Amino acid sequence: MRLPGAAAASYHEAMTVLFGRRRRRGRSVVPNARPTPLNLLASLLLAACVGAPAAFATDPDAPSVLAPDASLDTLAEPQSLPFPKLPTQGSLQTDVLFPRYQRLMPAVSFWTRIFSHYSELQSVVHSAAYPEITLQVLDFRAEATRMSEDRLARYRRDRESDARDAMEALIKRIHAKRHAPQTMTAEEQRVFRLFEDIDDDDRFKRMRGTIRTQRGLKERTETALQVSDAYLPYMEQIFSGYDLPKQLTRLPLVESSFDLQAYSKAGAAGIWQFIPSSARVYMRLNEVVDDRRDPWTSTDAAARHLRDDYDMLQDWPLAITAYNHGRYGIARGLKKVEGKSLIDLIDRYDSKRFGFAGKNYYAEFLAAVDIERRWREMKERPEGLEPLEFEVVETKHYVPYETLRRLCGADDELFRRLNPAYKPEVIEGKLYVPPGHLIRVPAGSSRAFEVGYAKLGDHELFNRQRVYFLLHRVRRGDTLSEIAQRYGTSISTIKRANGLRSSRIRIGQVLKVPPHRESRPGPITVAIGESKPSLTREQRKALELERGSERVHLVRSGDTLSEIAQRYHVSVSALRNANGLRSSSIRVGQSLTIPGAAGDLAAASARSHEVRRGQTLISISKRYGVSVDALKRANGLTSSTIRAGDTLRIPGRDDRVHIVRSGQTLSEIAHEYGVSVDALRQANGLGRSSLIKVGQRLQVP
């Protein structure tokens with residue numbers, strides 16, 4: 001099970017870079033619960049980043065230089081895996097790689113304030129032509145305390161739109177009166193005076209059509225800086241291995257605010273915000289894994305992406321901008337204006353695609369580098385997150401996800417954080433983890449994993465992938481909308497399953513349709529073998545007689561454990577316990593015992609539980625169908641630490657409260673507790689939008 005000394009595949013090379021250094025054990029990546037001094041962050045960053053204009057170059061064509069960075073250490077070869085050492089940091093001098101053109105300094109100042117001064121509940125009205133001048137600030141903090149999230153979003157959009165329109169009209173009037181300021185209204189004079197130092201008679205005319213609003217990012221930036229502590233050490237190692245400057249690892253502050261669950265309207269995902277087309281070039285994106293969700297793997301992909309950008313453009317400001325705009329688009333722009341630098345593009349390239357975002361991306365990057373550096377220099381700052389510690393093993397067969405989790409002894413949450421790329425179909429057991437996959441396991445558990453893996457039988461090791469999609473052959477007159485309605489799913493689900501970029505389909509095309517709640521006509525193939533062998537007919541009959549009044553469900557094509565639990569109004573954990581299931585994998589034709597209402601209520605209302613060796617709060621909460629938070633609250637626990645022999649009070653169903661975590665949706669929470677989304681909405685008075693907030697307390701019916 002140990003990896004070869006020189007892995008050839010690029011993914012193996014990525015893992016080589018990732019896991020080269022062992023760190024102090026004992027702590028996982030969890031959000032720091034203590035309050036954080038946002039005002040201190042803002043004041044220090046503004047003083048350092050905005051209040052030092054002398055540090056910038058005065059010649060528009062001559063960049064100033066940054067202080068040289070300390071060289072990066074090479075990595076020591078790990079003891080647990082025979083990975084080769086990283087290459088040494090080359091001769092790149094980072095003091096000239098990221099020039100600070102005087103032309104861009106107003107934009108850098110603007111983004112510094114957005115990142116560190118303005119709240120997420122504030123919107124800055126400004127002109128794209130003069131971003132450093134704030135025309136107006138819309139403050140929605142008071143409204144946020146009394147409005148629902150949906151209502152606040154609509155109210156904010158309307159206010160921002162009205163403010164832009166009003167400012168455009170105001171600018172037009174100011175231009176007309178610019179030679180007679182005494183005729184202006186008080187508001188017109190206020191805005192007019194903001195531009196007194198700009199020696200351009202047409203300055204207000206140039207602003208026509210450039211008014212925009214930019215929402216603040218102060219809270220997100222502070223959270224991002226804390227989260228970055230958990231990943232930057234590894235990220236710098238990866239970039240060092242490719243002989244790239246470490247400052248590039250600060251780009252996720254701009255791209256995603258280090259939000260591991262970030263997903264944009266354009267389909268970009270993860271902290272590096274890869275769109276699907278780029279992701280398929282640099283990483284795995286298929287029905288099993290989405291490496292964009294993996295902060296370690298996606299960092300290796302981003303390093304190679306940026307390396308290729310630089311190889312083509314031979315200039316870091318251009319290469320960084322290309323990460324946002326595309327290297328071929330940048331090359332075309334330079335050719336069109338016959339330019340060589342980013343300033344040439346910003347000043348002379350007229351393209352709808354190269355708008356405010358593209359022209360400001362490098363300035364955003366410089367602001368993020370400044371903010372992160374000042375953050376590290378603060379003597380008193382909130383404690384960041386510590387990196388997860390892990391070892392790496394490799395699969396040799398098609399293996400159920402749940403089997404891998406069980407072998408390493410990690411709970412569901414930790415195993416998902418260590419291996420975040422796997423799609424729900426794999427986690428739920430509908431697809432297996434293929435051979436050749438590198439799996440992260442908690443530090444110190446790789447040996448136990450290998451021993452356990454060697455003992456697995458044929459019922460948990462397979463020689464082919466499991467297929468669970470329904471197949472539909474497109475007939476004349478079919479549309480994606482009609483097909484989705486026929487199978488009880490959505491258009492987006494079918495498009496995602498088939499990698500479709502549009503809704504166009506052709507006659508004879510075979511579409512993979514993920515089954516919904518009911519079985520539908522159409523072929524389905526299920527691999528032979530499950531993580532738990534089925535009972536014989538005699539055993540099932542004896543079990544049914546023993547359980548008497550308990551119901552039995554025959555699994556049909558398309559059924560999932562969650563849907564069956566919802567149908568019979570029982571929890572997923574109760575269903576698994578009643579059938580001795582170690583995972584959520586089920587097969588067509590399998591008979592499932594449905595626990596009766598009396599037994600289910602008895603489990604839910606049990607008064608106490610004695611902790612056995614190997615149990616965790618998560619496993620106990622699933623057994624009784626209650627949340628971990630409810631268990632902690634019922635037993636006065638401040639952490640998740642429990643010991644064998646402890647006696648825990650188990651709260652009843654009426655006590656079930658779930659605290660929303662980052663990235664969670666109503667659908668995922670409903671699945672976790674074995675209830676329907678509609679029931680969850682009704683219990684909490686939620687509208688159809690399903691919008692929930694991190695930290696929100698939800699009553700689970």
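Treat the numbers as computed from the prediction; the structure is a model and nothing was measured.
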Can you give me the closest heavy-atom contact between [X] and [Y], atom names plus distance?
X    : Y    : value
A319 : L306 : O-CD2, 4.2 Å
R292 : A279 : CD-CB, 3.6 Å
L366 : R100 : O-NH2, 4.0 Å

Requested in this report: Report, as yes or no, whether the 6.0 Å neighbourhood of atom CD on Q314 holds more than 12 heavy atoms from other residues, nucleotides or ligands.
Outcome: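 It does: Q314 CD has more than 12 such atoms within range.
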Query raised in the report: Does atom CZ of R146 have more than 12 heavy-atom neighbours from other groups under 6.0 Å away?
Result: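 Yes, CZ of R146 has more than 12 neighbouring heavy atoms, counting only those of other groups under 6.0 Å.
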With a 3.5 Å distance limit and no angle check, can you tell me whether [X] reaches the backbone of [Y] through a side-chain donor-acceptor pair?
X    : Y    : answer
D478 : V474 : no
E132 : A107 : no
S116 : T112 : yes
S278 : F274 : no

**Report entry** Distance flag, aromatic centroids of W296 and Y231, threshold under 6.0 Å
**Finding:**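 Yes.
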Query raised in the report: Centres of the Y362 and F98 rings: under 6.0 Å?
Result: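 Ring centres of F98 and Y362 not closer than 6.0 Å.
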If we ignore angles and hydrogens, is there a donor and acceptor under 3.5 Å between the side chains of [X] and [Y]?
X    : Y    : answer
E160 : S123 : yes
R159 : Y155 : yes
R141 : S119 : no
S161 : R157 : no

Expected list for residues 175-182: side-chain donor-acceptor pairs under 3.5 angstrom, two or more places apart:
unit_1	atom_1	unit_2	atom_2	d
H175	NE2	R178	NH1	3.4
K177	NZ	E188	OE1	3.0
R178	NE	D201	O	3.3
R178	NE	D201	OD1	3.2
R178	NE	D201	OD2	3.3
R178	NH1	H175	O	2.6
R178	NH2	D201	OD2	3.3

Query - Partners meeting side-chain hydrogen bond (donor to acceptor under 3.5 Å, both in side chains) with Q122 (sequence neighbours left out) - result: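 side-chain hydrogen bond (donor to acceptor under 3.5 Å, both in side chains) check on Q122 returns D139.
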Query raised in the report: Who passes side-chain hydrogen bond (donor to acceptor under 3.5 Å, both in side chains) against T493, sequence neighbours left out?
Result: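 Residues passing side-chain hydrogen bond (donor to acceptor under 3.5 Å, both in side chains) with T493: S490.
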N-O pairing of [X] and [Y] below 4.0 Å:
X    : Y    : answer
D259 : R220 : no
D300 : R304 : yes
K172 : E168 : no
D370 : R373 : yes

Would you mind reporting whether [Y] and [X] have side-chain heavy atoms less than 4.5 Å apart?
X    : Y    : answer
Y282 : D291 : no
S256 : S264 : no
L480 : L511 : yes
Y422 : D290 : no

Query - Sequence neighbours excluded, every pair satisfying ring pair (Phe, Tyr, Trp, His ring centres under 6.0 Å) that has a member inside residues 200-224 - result: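 Non-adjacent pairs meeting ring pair (Phe, Tyr, Trp, His ring centres under 6.0 Å): F192-F204, F195-F204.
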Report task. Using the test salt bridge (charged side-chain N to carboxylate O under 4.0 Å, His left out), find all partners of R376 that sit at least two apart in sequence or belong to another chain. Result ->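 Result, salt bridge (charged side-chain N to carboxylate O under 4.0 Å, His left out) vs R376: D229, E372.
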Requested in this report: Apply salt bridge (charged side-chain N to carboxylate O under 4.0 Å, His left out) to D344 and list each qualifying residue two or more places apart in sequence or on a separate chain.
Outcome: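 Residues passing salt bridge (charged side-chain N to carboxylate O under 4.0 Å, His left out) with D344: R348.
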Query raised in the report: Is the W111 ring parallel, tilted or perpendicular to the F356 ring (thresholds 30°, 60°)?
Result: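 W111 vs F356 ring planes: tilted.
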